[in-house]
2 protein chains.
Amino acid sequence: MSIEPLATIETELDEQITDLLRRSDQRFTKGRRALVEALLAGGQPMTIPQVLEADTRLAQSSAYRNLVVLEAAGVVTRIVTNDDFARYELAEHLTHHHHHLICSSCGDVTDFALDDQAEDELDEALHKIAAATGFTVEAHRLDLVGVCSDCD
Amino acid sequence: MSIEPLATIETELDEQITDLLRRSDQRFTKGRRALVEALLAGGQPMTIPQVLEADTRLAQSSAYRNLVVLEAAGVVTRIVTNDDFARYELAEHLTHHHHHLICSSCGDVTDFALDDQAEDELDEALHKIAAATGFTVEAHRLDLVGVCSDCD
DNA sequence: CCGAGATCGATAGTCATTCTCATTTTTGGA
DNA sequence: TCCAAAAATGAGAATGACTATCGATCTCGG
């Protein structure tokens with residue numbers, strides 16, 4: 001099916017994903033590989049229409065289904081904003097911890113990282129909160145909402 | 001319509017909301033007041049079904065429509081999670097700046113605040129990012145995703 | 001090479017949210 | 001106070017992102 005991949009998945013990443021899927025009794029099929037390649041090539045959180053446009057060989061129904069499978073396996077993360085469509089990107093442990101700039105005008109989402117010190121301080125403050133509330137923290141999410149340079 | 005309000009809106013808050021709505025050429029009608037009262041009484045972000053259950057006199061279609069109006073006027077904030085329903089709460093400038101604990105199990109959302117120092121540090125780090133990216137920041141959003149004490 | 005089981009993909013649902021429109025309410029002028 | 005124009009309401013229909021279905025296709029172990 002995949003003749004010309006959008007991006008090449010390095011061996012290590014490929015193995016990590018194969019392993020994650022195996023733990024959910026799922027295979028890293030061509031369709032799922034094409035999805036990951038499209039997300040990798042996109043370089044930012046993508047909506048399903050964007051993914052389908054990036055690789056027209058993908059079927060919509062399979063894209064929806066496989067993105068659910070990939071999310072359950074921890075390969076991708078689903079990002080939901082006020083935009084009509086949800087977005088997907090590679091999970092943080094396959095890339096690196098980061099946050100999102102969300103454009104309230106066009107809906108576009110891009111990544112950014114906090115410098116290490118700020119991230120550490122934030123983490124510490126969050127741990128205190130969690131301890132005080134009896135909440136078991138799985139992850140923290142930090143978004144900047146505003147207007148991107150394109151829309152300005 | 002509103003015989004027995006769920007919560008009483010203090011004069012000052014009432015005037016603020018009336019003013020915000022007026023700027024959008026909208027009125028602070030009974031139905032809209034009942035919505036605000038329900039959110040005030042709820043004390044945490046509420047889904048529309050929760051709001052309708054809290055005040056059974058409200059019509060679903062009007063609740064949806066008026067919550068859109070109230071959001072456009074800056075009176076309430078719409079919070080979207082992975083849950084089926086969106087949630088609404090009073091806008092921060094009518095209450096105070098805070099963040100959210102999102103339970104990945106039951107979908108419940110509750111508020112928490114960072115201590116002033118941590119919030120200041122975060123703010124400073126975020127301003128640097130914004131300056132570096134040409135992104136015009138309107139707000140920042142910080143969520144803790146995990147499992148609440150009820151679900152644990 | 002074969003067959004059981006997983007995956008695919010076209011299509012038909014589902015359901016939160018939005019739209020429509022006739023009815024009711026509100027407002028400002030006479 | 002009365003009236004008409006404008007706004008708001010609410011019941012129901014429509015929309016559209018997403019999910020479920022199911023026969024066809026692919027995959028892997030034997």
Side-chain angles (χ1 to χ4, degrees), chain A residues 1-3 14 17-38 45-53 55-73 75-88 107 109, chain B residues 1-3 14 17-18 20-38 45-73 75-88 107 109:
Chain A
M1 183 203 218
S2 202
I3 315 253
D14 190 298
I17 296 176
T18 303
D19 195 53
L20 282 170
L21 282 168
R22 186 151 37 218
R23 283 184 215 172
S24 306
D25 294 306
Q26 298 285 343
R27 301 173 187 158
F28 197 14
T29 64
K30 284 178 185 165
R32 291 169 190 174
R33 199 175 301 267
L35 283 173
V36 172
E37 280 163 1
M46 296 168 80
T47 64
I48 271 124
Q50 285 171 344
V51 170
L52 297 180
E53 191 178 11
D55 190 336
T56 54
R57 293 162 300 186
L58 289 167
Q60 188 188 56
S61 61
S62 297
Y64 271 106
R65 175 159 24 75
N66 283 328
L67 252 2
V68 169
V69 170
L70 289 169
E71 194 199 9
V75 178
V76 303
T77 305
R78 178 188 161 98
I79 301 164
V80 41
T81 68
N82 284 311
D83 199 21
D84 284 343
F85 297 93
R87 282 154 208 272
Y88 287 91
V109 180
Chain B
M1 181 200 215
S2 200
I3 316 253
D14 191 297
I17 297 176
T18 303
L20 283 169
L21 282 168
R22 185 151 38 218
R23 284 184 213 172
S24 306
D25 294 307
Q26 297 286 343
R27 301 171 189 158
F28 197 15
T29 64
K30 284 178 185 164
R32 292 168 189 174
R33 199 175 301 266
L35 283 173
V36 172
E37 280 162 0
M46 295 169 81
T47 64
I48 272 121
Q50 286 171 344
V51 171
L52 296 181
E53 192 178 10
D55 190 336
T56 54
R57 292 163 299 187
L58 290 167
Q60 189 188 53
S61 61
S62 297
Y64 271 105
R65 174 161 21 77
N66 283 328
L67 251 3
V68 169
V69 170
L70 290 169
E71 193 199 12
V75 178
V76 303
T77 305
R78 178 188 162 98
I79 301 164
V80 41
T81 67
N82 284 311
D83 199 20
D84 284 343
F85 296 92
R87 282 154 208 273
Y88 287 90
V109 180

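Numbers restart at 1 for each chain; the letters A, B, ... are given by sequence-line order, proteins then strands.
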A side-chain contact here means heavy atoms from C-beta on lying under 4.5 Å apart; do [X] and [Y] qualify?
{"X": "A:Phe28", "Y": "A:Leu20", "result": "no"}
{"X": "A:Gln60", "Y": "A:Leu52", "result": "yes"}
{"X": "A:Asn82", "Y": "B:Arg78", "result": "yes"}

Sugar-phosphate only, base, or nothing, as touched by B:Thr29 at under 4.0 Å among non-hydrogen atoms: sugar-phosphate
Sugar-phosphate only, base, or nothing, as touched by B:Tyr64 at under 4.0 Å among non-hydrogen atoms: base
Tell me: [atom1] of [X] to [atom2] of [N], nearest whole Å?
{"X": "A:Gln60", "N": "C:dA12", "atom1": "CD", "atom2": "P", "value": "14 Å"}
{"X": "B:Arg87", "N": "C:dA16", "atom1": "CZ", "atom2": "P", "value": "13 Å"}
{"X": "B:Glu71", "N": "C:dT17", "atom1": "CD", "atom2": "P", "value": "12 Å"}
{"X": "B:Leu67", "N": "C:dA16", "atom1": "CG", "atom2": "P", "value": "16 Å"}
{"X": "B:Arg32", "N": "D:dG10", "atom1": "CZ", "atom2": "P", "value": "11 Å"}
{"X": "B:Arg22", "N": "D:dA7", "atom1": "CZ", "atom2": "P", "value": "16 Å"}
{"X": "A:Phe85", "N": "D:dG16", "atom1": "CZ", "atom2": "P", "value": "10 Å"}
{"X": "A:Asn82", "N": "C:dA16", "atom1": "CG", "atom2": "P", "value": "18 Å"}

Closest contact, heavy atoms only, A:Ala73 versus A:Leu21: CB-CD2, 3.8 Å
It should be established whether [X] places a side-chain nitrogen or oxygen under 4.0 Å from OP1 or OP2 of nucleotide [N].
{"X": "A:Asn66", "N": "C:dC8", "value": "yes"}
{"X": "A:Arg27", "N": "D:dT27", "value": "no"}
{"X": "B:Arg65", "N": "D:dG10", "value": "no"}
{"X": "A:Gln26", "N": "C:dT7", "value": "yes"}
{"X": "A:Lys30", "N": "D:dT27", "value": "yes"}

Distance-only donor-acceptor test, B:Ser61 side-chain atoms vs D:dA11 base atoms, 3.5 Å: yes
B:Glu37/B:Asp55 under side chain to side chain contact (heavy atoms under 4.5 Å, CB included): CA gap, chis, key distance, verdict: CA-CA 9 Å; B:Glu37 280 162 0; B:Asp55 190 336; 5.6 Å; no
